[in-house]
Amino acid sequence: SYTYGSLISGMCKEKRLKEASEMFERMKEMGVAPTVVNYNSLIDGYCNKGDLERAFSYKDEMIKQGIVTTVSTYNLLIHALFMEGKMVEADPLVKEMKDKGIVLDEITYNILINGYCRCGNAKKAFDLHDEMLSKGIHPSRVTYTSLIYVLSKQKRMKEADNLFEKIIGKGVPPDIIMFNALIDGYCANGNMQRAFSLLKEMDDIKVSPDEVTYNTLMRGHCREGRVEEACKLLDEMKRRGIKPDHISYNTLISGYSRRGDMKDAFRVRDEMLGIGFNPT
RNA sequence: AACUCGUUCC
């Protein structure tokens, strides 16, 4: 039966790792053979918890048990290391994959590319992008979002926009996350006009904006001191049925605070507390 | 059937 596997992965997703690992041990005691997915679920859980030591010990255990690691196993561990900025420590894992004949897949490349984008290494990210193309692996929206992100952070908006258009030209319709990333780039670089023209484009192609879209636009206005405009956006999102989250309110609070309008800042904070969110 | 990647505040 698939019962144990489902229970273990379910508990790992809910971060109930103690229960998951106990159930895993019980399962083995009962003579049920553990699978690679059981291990991957646990590795994922402990990686998310930040306990990489435990995650790696599960990887060692599976190898000892003669259970074949998959590309997912490595993707999980490489991702966890990259999120902690430990790029170098991931090198031996990539080497190990190659030694075992495990082929890097689209997700592996996306993890590597995103990692380098997050730390501002656009060169390395684009090199990996070229490498995946040369291996016949097609970049996805996930890949492009990372590349747009790093270009935006480096204020290379022309290139970010060109890339965005190029992707559309390839017949890949942008999704909401790609839009949000590009909108954020324009907001962070003070081009609210283009940011709003992208919002309009989203509406045109029926990609519904979400709270991230609006939070991003609100923040763009706030950083220019136009908190009133940001408030109008808060109303607009409510009107459109998009629920503001704690970030929406914190954006307004910090917008008012930066301007020294503490009275308004506290007013928004009270409104936020009134609906059960906590300020940060 | 079940495991892995991208966007806003922090």
Side-chain angles (χ1 to χ4, degrees), chain A residues 1-13 20 34-48 55 58-59 62 67 69-80 82-83 102 104-118 125 128 132 137 139-150 152-153 160 164 174-188 195 198 202 207 209-223 230 233 237 242 244-255 257 272 277-280:
Chain A
S1 123
Y2 298 127
T3 311
Y4 278 113
S6 304
L7 289 173
I8 290 168
S9 57
M11 290 187 295
C12 288
K13 270 204 191 321
T35 68
V36 58
V37 175
N38 297 149
Y39 278 105
N40 287 347
S41 300
L42 286 159
I43 289 172
D44 184 34
Y46 282 102
C47 282
N48 288 329
Y58 276 117
K59 192 203 83 161
M62 63 195 289
I67 292 163
T69 51
T70 61
V71 64
S72 300
T73 314
Y74 288 94
N75 287 346
L76 287 161
L77 295 167
I78 293 170
H79 179 241
F82 267 52
M83 293 315 262
I102 297 173
L104 311 213
D105 68 2
E106 185 212 306
I107 295 183
T108 320
Y109 277 103
N110 287 342
I111 290 166
L112 298 173
I113 288 171
N114 184 249
Y116 286 111
C117 288
R118 286 168 51 109
L128 284 161
M132 73 192 285
I137 302 170
S140 67
R141 292 178 178 85
V142 176
T143 322
Y144 295 128
T145 302
S146 298
L147 296 173
I148 288 170
Y149 172 92
V150 75
S152 299
K153 291 296 173 210
F164 188 76
D175 65 8
I176 183 162
I177 300 184
M178 252 198 267
F179 269 111
N180 288 346
L182 188 59
I183 287 173
D184 181 55
Y186 279 113
C187 288
L198 285 164
M202 293 176 75
V207 174
D210 63 4
E211 65 281 1
V212 176
T213 318
Y214 275 92
N215 291 346
T216 303
L217 291 164
M218 285 168 55
R219 184 168 160 71
H221 271 144
C222 287
R223 66 186 285 286
L233 285 174
M237 71 191 282
I242 302 164
D245 59 13
H246 66 106
I247 297 174
S248 317
Y249 292 99
N250 284 327
T251 301
L252 293 176
I253 293 169
S254 74
S257 306
M272 174 168 75
F277 289 132
N278 283 5
T280 33

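Numbered from 1 within each chain, the chains take letters A, B, ... in sequence-line order.
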For A/Y46, the ring-ring contact (aromatic ring centres under 6.0 Å, His included) test, sequence neighbours excluded, returns A/Y58
B/S/- along nucleotides 3-10 of chain B (protein heavy atoms under 4.0 Å) is BBBBBBB-
Those residues at least two apart in sequence (or on a different chain) that pass ring-ring contact (aromatic ring centres under 6.0 Å, His included) with A/H221 are A/F196
Residues passing the side-chain contact (heavy atoms from CB on, under 4.5 Å) test with A/A195, sequence neighbours excluded, are A/I183, A/Y186, A/C187, A/L217
Sorted by chain and number, sequence neighbours left out, side chain to side chain donor-acceptor pair (under 3.5 Å) with A/S152 holds for none
Residues at least two apart in sequence or cross-chain that pass ring-ring contact (aromatic ring centres under 6.0 Å, His included) with A/Y116, listed by chain then number, are A/F82
